[in-house]
Amino acid sequence: MDQFQQPIRVRMAPSPTGFLHIGGARTALFNYLFARHMGGTFVLRIEDTDRERSEKKYEEAILQDLRWLGLDWDEGPERHGSYGPYYQTQRLSIYAGYLNQLHHQQKTYACYCSPHELEAERQELLKRKKTPRYMGKCRSLTDQEKKKFEQEGRSPVIRFKVDESKVIEFDDLIRGKVQVDPKNIGDFVIAKGDGMPLYNFAAAIDDTEMKISHVIRGEEHLSNTPRQLLILKALNLKAPLYAHVSIILAPDRSKLSKRHGATSLGEYQKLGYLPEALFNYLALLGWNPGDEREVMTSAEIIREFTIEKMTKSPAIFDVQKLSWMNGIYIRNANISELSQNIKPFLEEAGFSVSEKDPVLIEKIVEGVRGNLEHLNQIGNYADIFFDEKFKLEEDAKKHLKDNQEVATEILEALLRLLEKYDHMDVKAYETIQEELKKTVKAKGKLLFLTQRAALTGKLKGPEMVFICTTLPVASLKKRLQTVLTALS
RNA sequence: GUCCCCUUCGUCUAGCCCGGUCCAGGACACCUCCCUUUCACGGAGGUAACACGGGUUCAAAUCCCGUAGGGGACGCCA
């Protein structure tokens, strides 16, 4: 009962041992949504106890990616709160205190088994078709035995004594009642010999110490939960409520990994996915608003979000649907913001954006955004607006060659008509086209396609009127001359 | 191998708790048509699923049992 009165506090607890992946981002998102919906607090905690693998660059990337997605935390790195520090390596004295307490309660013991011995035990159990686990060899070592091991140069780890007599049970907010037989767990390591805590111990302690009310995390932690519960119970600490979110799978139903393409948030950013689209898409992977809405703003999603509407079954990450959604966000984006966002992608595609009039860039973006599913594709559509990229593509060249005589007539006539203009608007364009129809034999598709081929070097693209009113007349003339020369 | 979790169109999902309104609804993808002297956008249709087997019931996607399949965990990683 009292859990409903306690303030809502959730956390995202990444370890800086790699970049933020799609799955981690989604877990963070669900925590964020729950916190914002409930008016609670979203805590970010850095689980950096694995010193060998943790790196500052990963931590920085994770923070950057979370911010990019729009998941601002209320407490954590760079955001001071009352439950810090928010780096586990800065909380060592806290863990030491609890470790000491467990030691005095005789709930822990030092284990001197070597990795080799543990592996042998594991293999043995596997062979006997049993769940591999630590069987408690060092559970009741005498002082003398310990001394002997120390003299052999072995360094101990601290294991937690698992009480095998009682079945562990908890209510998962997503999965319902979960029961685990402790006989399948085995005394697990909670700290290294030097006192550095391991995940199950540190996470359990921090969750209560930071007054976390709901732990929303990936399903891969479901089997860790009984261990954490055991630790909390031994210390007489209050356990949070748990919600284990199903994991995200690759299209072949295996775990999402590098071979399936982009997996980190940073990669999606580089491909030109908009954070709003990813936010929306990820929220729909394992959750739905209960009606048929799909394209929703973050405010809408926050308003509708509840844990009850989360799905139990794993979901496959479908880039195609994400791309569709991204296309919608691109089409609906504010044009000046979008143009701003798209500039780096244009630069990357080799266009000299800085030399162009910003108004022109906006116009180009406006004209071609309908074709884009992600910003990275801009180069394929914007090239026709940059003279330095002008080039006759094979199919366009073929069209012109196949109709050489008519084409020459059309293009020469067009060039003559253009003489009267130094800039063009829609009206001028229409006048020119009317005149053109009167002067040349060709009409219909042939007339238009020929102009398109010569003016853009391609057979497909935006509307001709858009192209002609966007490009400077000088460019149009230049292109016509180039093509005419090539044709003669 | 053992333990745990999961199972509705190819994919994301609604419906399942409280059986009939479901010969299962929406979305992506795919196909067709319309719009468009091109492409895209947009619009209108279409193909496509209750994993399987038993039971309970007048009636089961919905309840029960079993089987199969998939996933996760089994670390001095998190």
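In what follows, chains carry the letters A, B, and so on, assigned in the order in which the sequence lines appear, proteins first and then strands, with residues in each chain numbered from 1. We use all heavy atoms of the structure for the numbers below, so side chains are in, but hydrogens, waters and symmetry mates are not.
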Sequence-distant partners of A:A96, side chain to side chain contact (heavy atoms under 4.5 Å, CB included), two or more places apart:
none
Atom pairs, protein N/O to nucleotides 60-71 of chain B N/O, distance under 3.5 Å:
none

Table of protein N/O atoms under 3.5 Å from nucleotides 74-76 of chain B N/O atoms:
| unit_1 | atom_1 | unit_2 | atom_2 | d |
| --- | --- | --- | --- | --- |
| B:C74 | O2' | A:P132 | O | 2.5 |
| B:G75 | N2 | A:R53 | NH2 | 3.0 |
| B:C76 | N4 | A:C113 | O | 3.0 |

What integer number of Å spans the C1' atoms of B:G26 and B:G70?
26 Å
Write out all pairs satisfying side-chain hydrogen bond (donor to acceptor under 3.5 Å, both in side chains) with one or both partners inside residues 272-291 of chain A, taking only residues at least two apart or from two chains.
A:Y273-A:S323, A:N280-A:Y329, A:D291-A:R293
Would you mind building the protein contact string for nucleotides 37-50 of chain B? One character per nucleotide, 5' to 3', B for base within reach (heavy atoms under 4.0 Å), S for sugar-phosphate only, - for untouched.
BBBSSS--------
For A:P275, what residues pass the side chain to side chain contact (heavy atoms under 4.5 Å, CB included) criterion, not counting sequence neighbours?
A:W68
How would you list, by chain and number, every residue that makes a side chain to side chain contact (heavy atoms under 4.5 Å, CB included) with A:N334, sequence neighbours excluded?
A:S336, A:E337
For A:H399, what residues pass the ring-ring contact (aromatic ring centres under 6.0 Å, His included) criterion, not counting sequence neighbours?
none
Residue pairs passing the ring pair (Phe, Tyr, Trp, His ring centres under 6.0 Å) test with at least one member in residues 451-470 of chain A, sequence neighbours excluded, are A:F385-A:F466
With sequence neighbours excluded, what pairs up with A:K183 under the side chain to side chain contact (heavy atoms under 4.5 Å, CB included) test?
A:E164, A:D181
Which pairs count as ring pair (Phe, Tyr, Trp, His ring centres under 6.0 Å) when at least one residue sits in residues 442-464 of chain A, sequence neighbours excluded?
none
If a pair satisfies side-chain hydrogen bond (donor to acceptor under 3.5 Å, both in side chains) and one of its residues is in residues 307-319 of chain A, list it, with sequence neighbours excluded.
none
